[in-house]
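Below: the structure, in structure tokens.
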Amino acid sequence: MSQGGQGGGGSHSLAFRVMRLCRPSFNVEPPLRLDPADLFAGEDLFDDPAANPPSFSSSSDSDPNYRNRFLLRHFSDAMGLSGLLVLPQSFGAIYLGETFCSYISINNSSNFEVRDVIIKAEIQTERLRILLLDTSKSPVETIRAGGRYDFIVEHDVKELGPHTLVCTALYNDGDGERKYLPQFFKFIVANPLSVRTKVRVIKETTFLEACIENHTKSNLFMDQVDFEPAQYYSASILKGDGHHSEKDSPTRETFKPPILIRSGGGIYNYLYQLKTSSDGLPQTKVEGSNVLGKLQITWRTNLGEPGRLQTQQILGTTATKKEIELQVVEVPSIINLQNPFMLKLNLTNQTDRELGPFEVSLSQNVSYGERAVMINGLQSMVLSEVQALGSTNFHLNLIATKPGIQRITGITVFDTREMKSYEPLPDLEVFVLQTPRVRTTF
């Protein structure tokens, strides 16, 4: 941890020392494979049949041909773990969502004691200033010559970027002078994860894909990745079918195994299904809102160090609904050329007010070109008013003028009261049969 300059003028009897408290790591060593005979005799000794190779009483399964030299004698050999733990040799990286824990010692390096020591420790970021320790109400009475006063501070890291641990001491020196000692220790908070999301809307269902990538140098075991939906939404996670023994296990939901995301760029994808859940409230309450919710993520490292993150609100497409919806209900199974046929349609009012009357016709937009299917008879059809959230079925009389696969295009609804046209019905493909000619002979 870097240390800033001291203030207050002159020399000080006290000085801060800051050490980070974190769990040790495993001592990993590549396993060394050798035969004990190599330490006392060369390999050529076993090639001479007249030589008398030394015997090792401790090695009952001596292998002069070295066939078993690389066999693993213990399960820890495969991991290269020596069974030893190593204390941190440097300050290390601090990540967002972790708990910063620091052991702070204030040392008296003078030859006389100092009295009435007021100690403060705080974290400063670009936006916040968080007090971690303040002994103003109960100062340390004395710190003897060569002695020290130790304490531990903790802080849940919730902001990225530069941080400064500010340690200050106000004390009476040996000659009775009141002195002020500030010291600054700077560190950077990095992001342990990146969360990339994709939103897809299929009819009334929204699918959210979250891709979590590990940016740390340690494997992360994800205890929990839960999506908290916004109001009027319900969410469920979608998973692939597991092994039958896992699927039928009664402890599957009680004891969920953590998901491993490997260090240095490992990724894992989660898929959630969202549905509107208005709980009896009008559907219009949801309209215009594109906030889907947020993710709650908790994890642990190899040795159990916890971490927790909450994403910002995840946004989807703005939930806007059409005032009316025009749908095809039924299409005749057989459509003959030059023969009229009836197309059954449904008009739904999706607002909380009465709409209509309406006129249904084929759009005169030139982009549609020459039509092969047209209205048979009057070119517009009148529909009466449709109540709020109500619907009505009606039939449209059409006729096909060309055989083969043809499109019914440009069916448009016009509100005669509000003088407003709505979006045309999507194109519909139909197959028109050629009417067979009947030859008459006399």
Side-chain angles (χ1 to χ4, degrees), residues 200-207 273 275-276 283-284 287 317-442:
R200 297 288 184 269
V201 180
I202 301 177
K203 294 184 178 180
E204 300 297 325
T205 304
T206 300
F207 295 94
Q273 179 180 350
K275 293 185 177 180
T276 55
Q283 184 65 33
T284 54
E287 295 181 9
T317 55
T318 304
T320 55
K321 283 206 169 187
K322 303 176 183 177
E323 291 186 353
I324 69 165
E325 184 176 8
L326 184 62
Q327 293 180 322
V328 176
V329 178
E330 184 179 347
V331 181
S333 58
I334 298 176
I335 299 176
N336 292 315
L337 182 66
Q338 301 294 345
N339 287 344
F341 65 94
M342 303 299 288
L343 183 67
K344 186 175 181 181
L345 302 170
N346 175 268
L347 178 67
T348 302
N349 179 0
Q350 299 188 120
T351 69
D352 55 359
R353 69 184 190 278
E354 183 182 81
L355 295 178
F358 300 98
E359 280 188 3
V360 180
S361 61
L362 291 183
S363 173
Q364 302 302 317
N365 194 328
V366 294
S367 63
Y368 289 110
E370 184 181 357
R371 289 190 176 89
V373 180
M374 300 179 293
I375 293 180
N376 184 39
L378 296 177
Q379 296 303 299
S380 64
M381 178 180 183
V382 178
L383 297 179
S384 59
E385 295 88 348
V386 180
Q387 300 298 319
L389 303 177
S391 64
T392 181
N393 292 329
F394 64 96
H395 291 82
L396 194 61
N397 191 3
L398 303 175
I399 188 170
T401 59
K402 293 182 179 180
I405 298 177
Q406 305 297 339
R407 286 189 176 184
I408 303 175
T409 60
I411 298 179
T412 307
V413 177
F414 178 75
D415 192 323
T416 59
R417 181 191 299 172
E418 298 187 2
M419 304 299 292
K420 178 179 180 181
S421 292
Y422 296 97
E423 186 177 349
L425 179 75
D427 292 356
L428 175 67
E429 288 188 346
V430 294
F431 183 75
V432 181
L433 296 176
Q434 176 74 49
T435 305
R437 294 181 181 181
V438 181
R439 181 176 297 176
T440 305
T441 59
F442 296 94

Within this structure, what is the [atom1]-[atom2] distance for the pair [X] and [Y], rounded to the nearest 0.5 Å?
X	Y	atom1	atom2	value
L362	M374	CG	CE	9.0 Å
I335	I408	CD1	CD1	6.0 Å
T392	E385	OG1	CD	11.0 Å
F207	I202	CZ	CD1	5.0 Å
Q387	D352	CD	CG	12.5 Å
L389	E354	CG	CD	12.5 Å

Judged by atom type as modelled, is there a donor-acceptor pair below 3.5 Å linking the side chain of N349 to the main-chain atoms of V386? yes
Exam field: side chain T401 to backbone A372, donor-acceptor pair closer than 3.5 Å: yes
Side-chain contact test, heavy atoms from C-beta onward, threshold under 4.5 Å: evaluate it for [X] versus [Y] and give yes or no.
X	Y	result
N393	K344	yes
V430	L343	no
R417	F358	no
L355	E418	yes
T409	R371	yes
L345	V328	yes
T348	I324	no
F341	N339	no

For [X] and [Y], work out which heavy atoms get closest and say how close.
X	Y	result
S361	I375	CA-CD1, 4.1 Å
V373	Q406	CG2-CB, 4.2 Å
R407	D427	NH1-OD2, 3.6 Å
T412	S363	OG1-CB, 3.5 Å
L337	A400	CD1-O, 3.6 Å

So which of I411, V360, N346 actually passes side-chain contact (heavy atoms from CB on, under 4.5 Å) with L326? I411
Pick from K420, Q350, E423: which one makes a side-chain contact (heavy atoms from CB on, under 4.5 Å) with E323?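 Between E323 and the candidates, side-chain contact (heavy atoms from CB on, under 4.5 Å) is satisfied uniquely by K420.
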Checking E359 now: which residues fulfil side chain to side chain donor-acceptor pair (under 3.5 Å) with it, not counting sequence neighbours?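 Checked E359 against side chain to side chain donor-acceptor pair (under 3.5 Å); zero matches.
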For Q379, side chain to side chain donor-acceptor pair (under 3.5 Å) partners two or more places apart: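 Q379: no side chain to side chain donor-acceptor pair (under 3.5 Å) contacts found.
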